Number of protein chains: 2
Amino acid sequence: MQKGSLYAHIAGKQELLYETMLVGARAFHAALDELPERAPATERIRLALRAHLRLVADQLDVATVFVREWRSLDAERRDEILAERRRYEERIRALFREGREGSELRTDLDENAAALLFLSAANWAYTWLHPGEDTDAVADAFFGLLVDGMRGYDTPV
Amino acid sequence: MQKGSLYAHIAGKQELLYETMLVGARAFHAALDELPERAPATERIRLALRAHLRLVADQLDVATVFVREWRSLDAERRDEILAERRRYEERIRALFREGREGSELRTDLDENAAALLFLSAANWAYTWLHPGEDTDAVADAFFGLLVDGMRGYDTPV
DNA sequence: CCTCCTACCGAACGATCGTTAGGCTGTTCA
DNA sequence: TGAACAGCCTAACGATCGTTCGGTAGGAGG
């Protein structure tokens, strides 16, 4: 398809970028929606990380745009997309908060730092994941490091 | 300064990008060079994370270019920059390997996953750090989460 | 005072980009 | 059969971008 033919389907470049990012935002939220509500918080964290990495690997191009190009949106649309992103981050933060409040995680856990570390691993993945790669094992490895750390073998309750 | 005036100092846009990235690459390697050789691996990991985040906050613009724009380099220069980046990543990986081999870290530690998690936190920082922000506390918080995990209180030896 | 030299200005070039509009082809349905 | 329509092509537009180049203001040194 030639570049001019695009304009039979979209209103313009901005519109195309915005639609693409909406698809991305909705996909990430949908992944969180499908977490089992009754599972322990740590298990939901593990599954959330799996879902996030799977989404990035399955739709690497959308994920890359979603992470890198939100600056190019005009002010109004950028605010909307950023709000969706902040809402996603808050949902992740809530998982860690629940884990702490339910005593699955240490009571002095800094949920902001924890969520930021989770999101760093999740969002950086677009730079090294290959399209379509199976990511569950990687997600579980990350989860293990995050939750149990790198020292010793124990998993104290 | 007008855009045309730039060309009294540089050969072209590619050259400017390349020089900027060289500055960035050298700065990151220099930070690792200054780690205390005789300190325990975990301590060097902590200091490396501190140094990385400090560099990102101090030179946020260079760090952003370094992370986001290497794709725009022509093949030859991109390869050179990517080689430097891989060398940096390998130096980080070596820290975790030393930590494991010196029994500071668990003997079944996956040094690749550990380094990737470290680098995710470090490289993603350009998206949320404010220029000039003091980052030592954040780095130590990340380090604590990475090394000791999020469960329990103990730090088994 | 005159002469370099440095550093920047500002107009202009070709190339590329986003966008428009008119035309062509093949399919659908009366 | 033929009209309507969907989907893509192609040429062309204005705007922007990277780059060049002649000019100029101001300071340094003789």
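The shown structure was predicted, so the numbers you read here are calculated from the model rather than taken from an experiment. Quick note: numbers below take in every heavy atom, side chains included, and nothing from hydrogens, waters or symmetry partners. Sequence lines set the chain letters: A, B, ... in the order given, protein chains first and strands last, and positions in each chain run from 1.
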Exercise for the section: Would you kindly give the CG-to-P distance between L6(B) and dG10(C), to the nearest whole Å? Expected result: 15 Å
Exercise for the section: Produce a footprint string for nucleotides 17-26 of chain C: one letter per nucleotide, 5' end first; B if the base is under 4.0 Å from any protein heavy atom, S if only the sugar-phosphate is, - if neither. Expected result: BBBB------
Handout entry: Set of residues satisfying ring-ring contact (aromatic ring centres under 6.0 Å, His included) with respect to F142(B), sequence neighbours excluded
Key = none
Between protein and nucleic acid, restricted to nucleotides 26-28 of chain D and to nitrogen or oxygen atoms under 3.5 Å apart, what atom pairs and distances do you find?
none

Practice task
For dC8(C), take OP1 and OP2 only and decide whether either is under 4.0 Å from a side-chain N or O of Q2(B).
Solution key: no
Exercise for the section: Taking ring-ring contact (aromatic ring centres under 6.0 Å, His included) as the test, write out the residues that go with Y18(A), two or more places apart. Expected result: none
Problem - Residue list, side chain to side chain contact (heavy atoms under 4.5 Å, CB included) with R38(B), at least two apart or on another chain - result: none
Completion exercise
Residue set satisfying side chain to side chain contact (heavy atoms under 4.5 Å, CB included) with A115(B), at least two apart, ordered chain then number -> I92(B), R93(B), F96(B)
Handout entry: Estimated bend of the helix from dC1(C)-dG30(D) to dA30(C)-dT1(D) (axis per five terminal pairs, rounded to 10 degrees)
Key = 0°
Practice task
Could you list the residues that satisfy side chain to side chain contact (heavy atoms under 4.5 Å, CB included) with A39(A), not counting sequence neighbours?
Solution key: P36(A), E43(A), R44(A)
Practice task
Sequence neighbours left out, what pairs pass salt bridge (charged side-chain N to carboxylate O under 4.0 Å, His left out) with at least one residue falling in residues 11-24 of chain B?
Solution key: E15(B)-R77(B)
Exercise for the section: Evaluate the ring planes of H52(A) and Y88(A), with Trp represented by its six-membered ring, and classify them as parallel (under 30°), tilted (30 to 60°) or perpendicular (over 60°). Expected result: tilted
Fill in the blank from the handout: Applied to residues 119-138 of chain B, the salt bridge (charged side-chain N to carboxylate O under 4.0 Å, His left out) test, sequence neighbours excluded, yields R50(B)-D136(B), R54(B)-D136(B)
Practice task
Using a cut-off of strictly less than 4.0 Å, decide whether H9(B) has a side-chain nitrogen or oxygen near OP1 or OP2 of dC8(C).
Solution key: yes
Exercise for the section: Can you tell me which residue pairs pass the side-chain hydrogen bond (donor to acceptor under 3.5 Å, both in side chains) test with a partner in residues 113-124 of chain B, sequence neighbours excluded? Expected result: W124(B)-T127(B)
Problem - salt bridge (charged side-chain N to carboxylate O under 4.0 Å, His left out) partners for R91(B), two or more places apart - result: D33(B)
